[in-house]
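Read the structure below first, then the notes.
Order of the sequence lines sets the chain letters (A, B, ...), proteins ahead of strands, with each chain counted from 1.
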2 protein chains.
Amino acid sequence: MDRETRVTVDDHRALRLWLRLLTCSQLIERHVRSRLRGRFGTTLPRFDLLSQLERHPAGLKMNELSRLLMVTGGNVTGIVDQLVKEGLVERLDDESDRRAWRVRLTRAGDKAFAEMARAHEDWVAELLAGVPRRDSDALMQLLARLKQATLEKS
Amino acid sequence: MDRETRVTVDDHRALRLWLRLLTCSQLIERHVRSRLRGRFGTTLPRFDLLSQLERHPAGLKMNELSRLLMVTGGNVTGIVDQLVKEGLVERLDDESDRRAWRVRLTRAGDKAFAEMARAHEDWVAELLAGVPRRDSDALMQLLARLKQATLEKS
DNA sequence: CCTGAATAGCTCAAGCCTAAAGTATCTGCC
DNA sequence: GGCAGATACTTTAGGCTTGAGCTATTCAGG
């Protein structure tokens, strides 16, 4: 196999890996979305945002949320607006920077999230129940390396 | 470790796997989206639809596209409408079913897609260049099994 | 102190996506 | 043939997401 053919083959390999990754991701995502809607009348983005806030009890600035969720700032604005309206989240003035907010879970938000998180975890565990532990350990490692390699190129 | 604790640990394992999968998928997806927009002024959904049509030169019905792309029918309607307007795709009457269309690439669509596909493959290959062949082979296999296990639960 | 660049956040238009409801057609069964 | 249910597709309302452009604030150098 000459050099050019090899390049092409490797290109295909990368492409097929990406497509398969996407398929797996979408399969799980659709499942979770559908259940979040059906059981809690909410959406994945809202859930993800609450989830980040739950991990950071002191609150997060809008741009920190934006970075963690890997979405644009405008998007975060919209979702936070909704969650504030629903009483799950509050915007506090940032003491040290008058441009910024500190967004935090309200008590109601914390409670609502806890219930959703439990269910969410169950759904995912059930969906992936057929994946043997050996596979999932291996996947965690390989995906960590893939993530690292990708980040270095981004 | 008693049974209940084990369940919880496995739940966390599944959850963490799903989150990592999602992160990897999003990293690549954002990269590709941004380049499709920048270089070709198009979007990933449009590209995916063209890609399916390219694999099926005889054309596909709307519901086949819907199934292959894992999106709803209404969504496919919208994207096909756009691609028709742009002249990349054509809707032909299905001979055997007057409710259905047969959607096909036009010559212009075929040409445009070929160029995008080449670039797309290069982007992905470059982004994943740091993933050793051994890793990517292993990932392909493991993800195939994960996909299978997930499909059986859906 | 001032001023220009950087940063935090918001708004807007446009496109993606879904679920639900609606129309047209097909198919199987009597 | 005719009718009931299934199927193919479209439409609509509502939410997500982006990129671009906007204001207000901060910060660093002169």
Side-chain angles (χ1 to χ4, degrees), chain A residues 22 25-27 29-50 59-86 88-103, chain B residues 22 25-27 29-50 59-86 88-103:
Chain A
L22 185 58
S25 185
Q26 285 182 340
L27 274 173
E29 196 170 327
R30 286 171 58 81
H31 193 83
V32 169
R33 273 183 203 280
S34 148
R35 274 166 174 66
L36 274 176
R37 165 181 293 260
R39 166 111 180 254
F40 295 109
T42 192
T43 64
L44 191 52
R46 277 175 171 86
F47 177 81
D48 284 343
L49 198 150
L50 293 178
L60 288 168
K61 294 198 298 181
M62 299 294 277
N63 64 359
E64 292 172 329
L65 278 167
S66 166
R67 186 175 44 77
L68 288 168
L69 298 170
M70 297 200 283
V71 299
T72 57
N75 193 352
V76 173
T77 297
I79 298 175
V80 169
D81 282 352
Q82 300 228 12
L83 292 172
V84 167
K85 209 173 294 174
E86 295 168 15
L88 303 182
V89 145
E90 58 191 347
R91 272 190 175 100
L92 308 172
D93 288 327
D94 185 311
E95 306 277 324
S96 63
D97 187 339
R98 273 187 298 167
R99 295 168 303 177
W101 303 103
R102 186 143 294 274
V103 181
Chain B
L22 184 59
S25 186
Q26 285 182 341
L27 274 172
E29 196 169 328
R30 287 169 59 81
H31 193 84
V32 169
R33 273 184 202 279
S34 149
R35 274 167 175 65
L36 274 176
R37 165 181 290 261
R39 164 110 180 253
F40 295 109
T42 192
T43 65
L44 193 51
R46 277 174 170 86
F47 177 80
D48 284 343
L49 198 151
L50 294 179
L60 288 167
K61 294 199 296 181
M62 300 293 278
N63 64 358
E64 292 173 329
L65 278 168
S66 167
R67 185 175 44 77
L68 289 167
L69 298 170
M70 297 200 285
V71 298
T72 57
N75 192 352
V76 173
T77 297
I79 299 176
V80 168
D81 282 352
Q82 300 228 14
L83 292 172
V84 167
K85 209 174 293 175
E86 296 168 15
L88 302 182
V89 144
E90 57 191 347
R91 272 191 174 100
L92 306 172
D93 288 328
D94 185 311
E95 305 277 324
S96 63
D97 188 341
R98 272 186 300 167
R99 295 169 304 178
W101 303 103
R102 186 143 292 276
V103 182

Would you mind checking if A/Arg102 and A/Asp97 are paired as a salt bridge, meaning a charged N to carboxylate O distance below 4.0 Å? no
A/Arg67 has an atom CZ; how far is it from atom C1' of C/dT7, in whole Å? 14 Å
CD1 (A/Ile79) and CG (A/Asp48) are apart, to the nearest 0.5 Å, by 8.5 Å
Presence of A/Ser34 side-chain N/O under 4.0 Å of C/dT18 phosphate oxygens OP1/OP2: no
Calculate the interatomic distance between A/Glu64 atom CD and C/dT7 atom P; express it in whole Å. 14 Å
Looking at side-chain heavy atoms only, is the closest gap between A/Trp101 and A/Asp94 below 4.5 Å? no
Do A/Val103 and A/Glu64 have side chains that approach each other closer than 4.5 Å (heavy atoms only, starting at C-beta)? no
Which residues in residues 89-98 of chain B have a heavy atom closer than 4.0 Å to any atom of DNA chain C? B/Asp97, B/Arg98
Might you point out which heavy atoms bring B/Ser66 and B/Thr72 nearest each other, and give the distance in Å? OG-C, 3.8 Å
Distance, rounded to the nearest Å, where A/Glu29 contributes CD and C/dC16 contributes P: 17 Å
CG on A/Leu60 to CG on A/Leu65, rounded to 0.5 Å: 5.0 Å
Are side-chain heavy atoms of A/Asp81 and A/Arg91 found at a separation under 4.5 Å? yes
Expressed in angstrom and rounded to an integer, what is the separation of B/Asn63 atom CG from C/dA24 atom C1'? 15 Å
Counting the atoms with a prime plus P, OP1 and OP2 as sugar-phosphate, which does B/Asn75 contact under 4.0 Å by heavy atoms, base, sugar-phosphate, or nothing? base
Sub-4.5 Å side-chain heavy-atom contact between B/Arg33 and B/Leu36: no
Ignoring hydrogens and geometry, is there a side-chain-to-backbone donor-acceptor pair from A/Arg46 to A/Gln82 under 3.5 Å? no
Tested for side chain to side chain contact (heavy atoms under 4.5 Å, CB included) against A/Glu86, the lone hit among A/Val84, A/Val89, A/Leu88 is A/Leu88
Taking any heavy-atom pair under 4.0 Å as a contact, classify B/Gly73: base, sugar-phosphate, or nothing. base
Describe the nucleic acid contact of B/Thr72 in one word from base, sugar-phosphate, nothing, applying a heavy-atom distance below 4.0 Å. base
Determine the contact category for A/Arg33: base if any of its heavy atoms lies under 4.0 Å from a base atom, sugar-phosphate if only primed atoms, P, OP1 or OP2 are that close, otherwise nothing. nothing
Of A/Arg99 and A/Val76, the one whose closest DNA chain C nucleotide lies more 5': A/Arg99
Provide the start and end nucleotides, 5' to 3', of the part of DNA chain D that has atoms under 4.0 Å from heavy atoms of chain A. D/dG15 to D/dT26
Here's a test of your reading of the structure: between B/Gly74 and B/Ala100, which maps to the more 5' nucleotide of DNA chain D? B/Ala100
Which atom of A/Leu69 lies closest to which atom of B/Gln26, heavy atoms considered: O-OE1, 4.5 Å
Please work out if B/Arg102 contacts a base, only the sugar-phosphate, or nothing of the nucleic acid, heavy-atom cut-off 4.0 Å. nothing
Here the distance between atom C1' of C/dT25 and atom NZ of B/Lys61, to the nearest Å, is 12 Å
Rounded to whole Å, the CZ-P distance (B/Arg46 to C/dG15) equals 7 Å
With the threshold set at under 4.0 Å for non-hydrogen atoms, list the residues of residues 77-85 of chain A touching DNA chain D in residue-number order. A/Ile79, A/Gln82
Nearest heavy atom decides the nucleotide; on that basis, is A/Met62 or A/Arg37 closer to the 5' end of DNA chain C? A/Met62
Roughly how far, to the nearest 0.5 Å, is the CG atom of A/Leu44 from the CZ atom of A/Arg30? 13.0 Å
